[in-house]
Amino acid sequence: MMKKLLANRVASICLLILSAFTLAGIFAPVIAPHDPNLSDFTKFFAPISWEYPLGADHLGRCILSRLLFGIRTTLFYAFLTMLITLSVGTVIGIISGYIGGKLDNVIMRTCDMLLAFPSEVMVLSLIGVLGPGITSIIIANFIAKLPWYVRMIRSSVIRFNHQNYVLYSNTIETRFHYKLFRHFFPNIASEIAILASMDIGWIILSISTLSFLGLGVELPTPEWGSMLSEAKDVLLTNPEQMMYPGVTIMIVVATCNLLGDSVRELFDPKAQA
Amino acid sequence: MLVSVQNIRKSFAVGDSWFKKSRHEVLKGVSFELFEGECLGLLGESGSGKSTLGKVILGIENPDSGEVVFADAISDLPSHEKMSVVFQDYTSSVNPRLRVEEIISEPLLRTQLTHAEKKQKVNELLVEVGLSESMKTRFPHQLSGGQLQRVCIARAIAPSPKFILLDEAVSSLDVSVQAQVLDLLANLKQRFGLSYLFITHDITVAAYLCNRILIFQDGKVVEQVDDLNNLAHATNNYAKQLLSAAHFLERAFTEPAA
């Protein structure tokens, strides 16, 4: 699977960019030139210099350092959300598809109910109930995205459940964990990879949007969306302030979406002639 | 008697509506017995419910009424030593992501064999079904249809089951490979004392391998032919049609054009 990904040029460039961002996030305290929350009154809107590679913001904080530490909030919380949603979605999807019957009906109708609301409305109302904060963002995104995962994974489990090799396993009553790890997981893993890489961009945007609206991380924690929001207030005097977080979000989200597209192309069963 | 099928009925809901449900009866009271060491042919056209009957016998579909009774000698055996199955569609019968070795050793998982013994057994089985040991590291897509069906047969005989259901097991192979696989099946039956229930729509294939033939139509057994020499004298209309179709094809090839 990895071999195939690396053979594809777009996918490998995207993976390279994402791993660079991830590493930069992990080593932010080492590579950042300044403390991201240290404000220096003499450096308001400092221009680009060796000391401040991307300049300073309206409180005299180093923008590069804030962007680097922002990876930890935006990107890492997006990964965390994805991980939680995927694992819970996979478990529920497999239960629903494998057991079937009444339980399946209850789970599917609940999903239908959740899917009846547009995701954004769902996320906003959940945060309204839970109150702002990064935990609520994760929970809200999790609940908004979960039904999609459950549905997708359920349908592939049902598809594989009707394959003759699973019928054979059922006939000789092979243990469930063999069927799970040998028959189901390897076959749905590619679908999970497609879903995850397509959605990670959406979650990054969602975290940034909510922070932009002031519903996400608490200030002054560096976060790309809240950096945008702060820069918006000085849009007329210092428009370049919006550029740095904006471009960063754009690069990361575009990378994730491109990666998602190439993963889908690589693993779509129909594309495998 | 090895397996006794007693008055099996099975119907499926038609239309996926919550409010209106009608049922379509596929099996309308099927009874027959399979004896030890024989090959019983179940001959019927597509859609007559043969495969559903097969699934009921394997225990992966529950009948609405009736039951499948196994002889006392085998009824207490774990399912993998009791029965096995070879399906028509060999491509979906094996997990495309597993190697031949893993595919064949799946039914050996529940046995007490050690790892080395399992490997040894897989090697023996591959030779047994006319493949070479070197094929065990291949993936299914690297094998031909006939080879893949042999892998399925190797998997089916691996735990030495008493009875094997062959659900159109040769129907999707081309004719020359069909003959080879039929010979292999006949050979294995002799050597391991297997019993087959051979589901097919092809009367010549059934006549080649089977001791007795049941003619199956619209969810019922309409005729039983105990002596295959009498096959030509089958009384049922459907059986006559099948026979004349087979004769028609035969004539077309054997008699010179007028």
Side-chain angles (χ1 to χ4, degrees), chain A residues 1-4 94 97-110 112-113 154-194 266-273, chain B residues 16 18 51-52 54-62 77-99 101-111 139-141 148-149 151-161 163-165 167-169 172:
Chain A
M1 188 161 156
M2 269 329 261
K3 220 184 274 172
K4 250 172 149 183
I94 287 179
Y98 188 76
I99 297 177
K102 283 217 169 63
L103 182 70
D104 179 41
N105 246 328
V106 170
I107 293 175
M108 280 304 106
R109 296 299 81 78
T110 315
D112 285 346
M113 228 155 64
R154 167 187 175 268
S155 65
S156 35
V157 167
I158 288 181
R159 201 173 71 237
F160 291 115
N161 219 357
H162 285 100
Q163 294 283 324
N164 284 342
Y165 55 84
V166 178
L167 292 183
Y168 174 79
S169 297
N170 291 343
T171 303
I172 62 160
E173 292 173 358
T174 308
R175 279 193 218 92
F176 178 67
H177 77 93
Y178 181 89
K179 282 192 278 185
L180 191 64
F181 290 108
R182 283 314 171 92
H183 291 337
F184 290 136
F185 274 156
N187 282 307
I188 61 177
S190 55
E191 271 169 60
I192 292 177
I194 296 169
L266 285 175
F267 294 121
D268 191 356
K270 279 176 224 133
Q272 293 176 345
Chain B
D16 193 20
W18 282 26
S51 291
T52 308
K55 285 179 186 169
V56 170
I57 295 171
L58 294 176
I60 45 184
E61 290 271 10
N62 289 320
L77 288 176
S79 51
H80 65 288
E81 287 175 23
K82 189 155 61 182
M83 59 194 168
S84 193
V85 58
V86 178
F87 292 105
Q88 170 177 20
D89 181 4
Y90 44 80
T91 45
S92 78
S93 294
V94 293
N95 186 341
R97 289 172 197 274
L98 297 185
R99 290 175 194 278
E101 188 173 19
E102 293 174 282
I103 292 168
I104 298 179
S105 46
E106 180 183 336
L108 299 175
L109 288 175
R110 287 174 63 195
T111 58
F139 284 105
H141 65 89
L148 211 47
Q149 197 63 301
V151 168
C152 293
I153 292 169
R155 175 178 67 177
I157 58 172
S160 357
F163 139 72
I164 300 182
L165 179 84
D167 187 353
E168 302 270 17
S172 45

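Reminder, nothing fancy here: chain letters follow the sequence lines and each chain counts from 1. Model, not experiment: these values are computed from the prediction.
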Selection residues 77-91 of chain B - residue pairs positive for salt bridge (Lys or Arg N to Asp or Glu O under 4.0 Å), sequence neighbours left out: none
Within 6.0 angstrom of A:H162 NE2, more than 12 heavy atoms from elsewhere: no
Shortest non-hydrogen separation from A:Y168 to B:F87 and the atoms involved: N-CE1, 4.1 Å
Pair A:H183-B:L98, side-chain contact (heavy atoms from CB on, under 4.5 Å): steps then yes or no: CA-CA 9 Å; A:H183 291 337; B:L98 297 185; 4.0 Å; yes
Between CG on residue B:L108 and CD1 on residue A:I172, distance to nearest 0.5 Å: 8.5 Å
Backbone N/O of A:E173 and side chain of B:R110: donor-acceptor pair under 3.5 Å: yes
Euclidean distance, B:R97 CZ relative to A:Y165 OH, rounded to 0.5 Å: 8.0 Å
Gap separating the CG atom of A:N187 from the CG atom of B:N95, nearest 0.5 angstrom: 5.0 Å
Toward chain A, the part of B:E102 with a non-hydrogen atom under 4.5 Å: both
Under 4.5 Å from a heavy atom of chain A, the part of B:V85 involved: both
